[in-house]
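Values reported hereafter were calculated over all heavy atoms of this structure, with side chains retained and with hydrogens, waters and symmetry mates removed.
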Amino acid sequence: MWDSFRISASALTAQRLRMDVIASNIANAETTRAQYADGRWVPYQRKMVVMEPSPAKPSFSAILDQAVHNSVGQGVRVTRIVHDTEPFKRVYNPTHPDADQDGYVLMPNVDLLKEQVDLLGATRSYEANVTALNAAKSMFIKALEIGK
């Protein structure tokens with residue numbers, strides 16, 4: 001019973017972090033001076049969250065449960081936040097203060113449409129886990145009422 005709460009809680013935490021990273025990407029979609037490296041400014045680089053299933057607890061019951069029910073884990077966890085390796089956009093804007101001698105500016109590799117889709121997916125996943133948590137809570141309360 002507690003595993004369902006733990007699984008939903010881990011997913012809610014991971015999706016919340018994913019939404020925070022997406023919000024950071026959207027906020028910095030026009031940032032041309034995010035980092036100073038090699039004597040020049042580098043634009044903001046899109047970040048992404050990498051998740052993986054949480055490993056089962058290393059107890060005897062968890063190992064037995066995994067062997068019997070062929071379960072895959074105890075929820076999800078964020079392993080790292082990585083930078084997107086897509087190249088920066090090169091935009092012609094000779095009036096921009098960061099324009100090079102040809103008038104081009106390097107802009108962040110953030111695509112707002114892609115961020116909106118990711119945000120929608122994270123939101124739906126968050127809502128699904130809230131629903132699962134509420135269903136588990138209702139079942140737990142009904143189970144307690146049986147004994148009355």
Side-chain angles (χ1 to χ4, degrees), residues 1-38 40-93 96-98 104-148:
M1 186 63 166
W2 299 112
D3 284 345
S4 63
F5 290 140
R6 190 177 10 256
I7 290 169
S8 293
S10 69
L12 290 172
T13 303
Q15 294 302 329
R16 173 59 194 242
L17 178 64
R18 186 175 165 206
M19 286 189 269
D20 288 345
V21 168
I22 292 169
S24 174
N25 289 339
I26 292 172
N28 289 297
E30 300 288 328
T31 303
T32 57
R33 295 183 181 188
Q35 184 178 16
Y36 192 74
D38 299 330
R40 64 186 190 123
W41 287 101
V42 178
Y44 177 81
Q45 199 169 9
R46 179 177 183 251
K47 296 176 185 169
M48 297 179 296
V49 173
V50 177
M51 294 184 236
E52 71 178 17
S54 294
K57 297 174 287 187
S59 66
F60 177 76
S61 64
I63 294 170
L64 181 63
D65 186 51
Q66 185 176 7
V68 172
H69 300 292
N70 198 15
S71 64
V72 292
Q74 296 291 314
V76 66
R77 67 180 178 158
V78 174
T79 55
R80 62 187 185 276
I81 297 173
V82 296
H83 291 279
D84 192 352
T85 57
E86 282 191 30
F88 296 116
K89 295 179 225 169
R90 196 163 180 245
V91 177
Y92 182 73
N93 186 357
H96 196 282
D98 294 329
Y104 286 96
V105 181
L106 288 180
M107 299 298 287
N109 57 357
V110 176
D111 182 5
L112 291 179
L113 184 61
K114 189 183 297 184
E115 299 301 324
Q116 289 291 326
V117 170
D118 284 351
L119 184 61
L120 189 63
T123 304
R124 295 289 185 235
S125 179
Y126 191 89
E127 290 171 354
N129 281 291
V130 167
T131 302
L133 184 67
N134 286 335
K137 185 175 74 176
S138 296
M139 287 189 288
F140 188 68
I141 290 172
K142 291 292 182 188
L144 289 175
E145 290 176 357
I146 290 174
K148 288 184 178 178

Around atom CZ of Arg33, are there more than 12 heavy atoms of other residues, nucleotides or ligands at under 6.0 Å?
yes
Taking atom CG of Leu17 and atom CG of Leu12, what is their separation to the nearest 0.5 Å?
13.0 Å
To the nearest 0.5 Å, tell me how far Ile146 CD1 sits from Lys142 NZ.
9.5 Å
Any Glu145 side-chain heavy atom under 4.5 Å of Ile141 side chain
yes
If every non-hydrogen atom of Leu119 is compared with every non-hydrogen atom of Ile22, which pair is closest and at what distance?
N-CD1, 3.5 Å
Taking the side chain as everything from C-beta on, heavy atoms only, tell me whether Asp98 gets closer than 4.5 Å to Leu106.
no
Hey, is the main chain of Asp84 close enough, under 3.5 Å, to the side chain of Gln45 for a donor-acceptor pair?
yes
Give the table of side-chain donor-acceptor pairs shorter than 3.5 Å for residues 85-92, with sequence neighbours excluded, one pair per line with atom names and distance.
from: Glu86; atom 1: OE2; to: Lys114; atom 2: NZ; distance (Å): 3.0
from: Lys89; atom 1: NZ; to: Val110; atom 2: O; distance (Å): 2.9

Decide yes or no for Val42 and Tyr36: does some side-chain heavy atom of the first lie under 4.5 Å from some side-chain heavy atom of the second?
no
If only atom types and distance count, is the side chain of Ser138 paired as donor or acceptor with the main-chain N or O of Asn134 below 3.5 Å?
yes
Examine distances only and state if a side-chain atom of Ser10 and a backbone atom of Val76 form a donor-acceptor pair shorter than 3.5 Å.
yes
If I take atom OH from residue Tyr44 and atom CG from residue Asn28, how far apart are they, to the nearest 0.5 angstrom?
5.0 Å
Using a 4.5 Å cut-off on heavy atoms from C-beta on, say whether the side chain of Arg77 contacts that of Thr13.
no
Let me confirm one number: the OG1-CZ distance from Thr123 to Arg18, rounded to the nearest 0.5 Å.
8.5 Å
With no hydrogens and no angle check, is any side-chain donor or acceptor of Asn25 less than 3.5 Å from a backbone partner on Lys47?
yes
Among residues at least two apart in sequence or on other chains, which ones pass salt bridge (charged side-chain N to carboxylate O under 4.0 Å, His left out) with Asp111?
none
Do Gln15 and Met51 have side chains that approach each other closer than 4.5 Å (heavy atoms only, starting at C-beta)?
yes
So, do Pro43 and Met107 sit near enough that their side-chain heavy atoms are less than 4.5 Å apart?
no
So, taking the atom named CG in Asn109 and the one named NE2 in His83, what distance separates them when rounded to the nearest 0.5 Å?
10.0 Å
For Leu112 and Ala29 the tightest heavy-atom approach is CD2-CB, 3.9 Å
Closest non-hydrogen atom pair, Ser8 against Ala132:
OG-CB, 4.0 Å
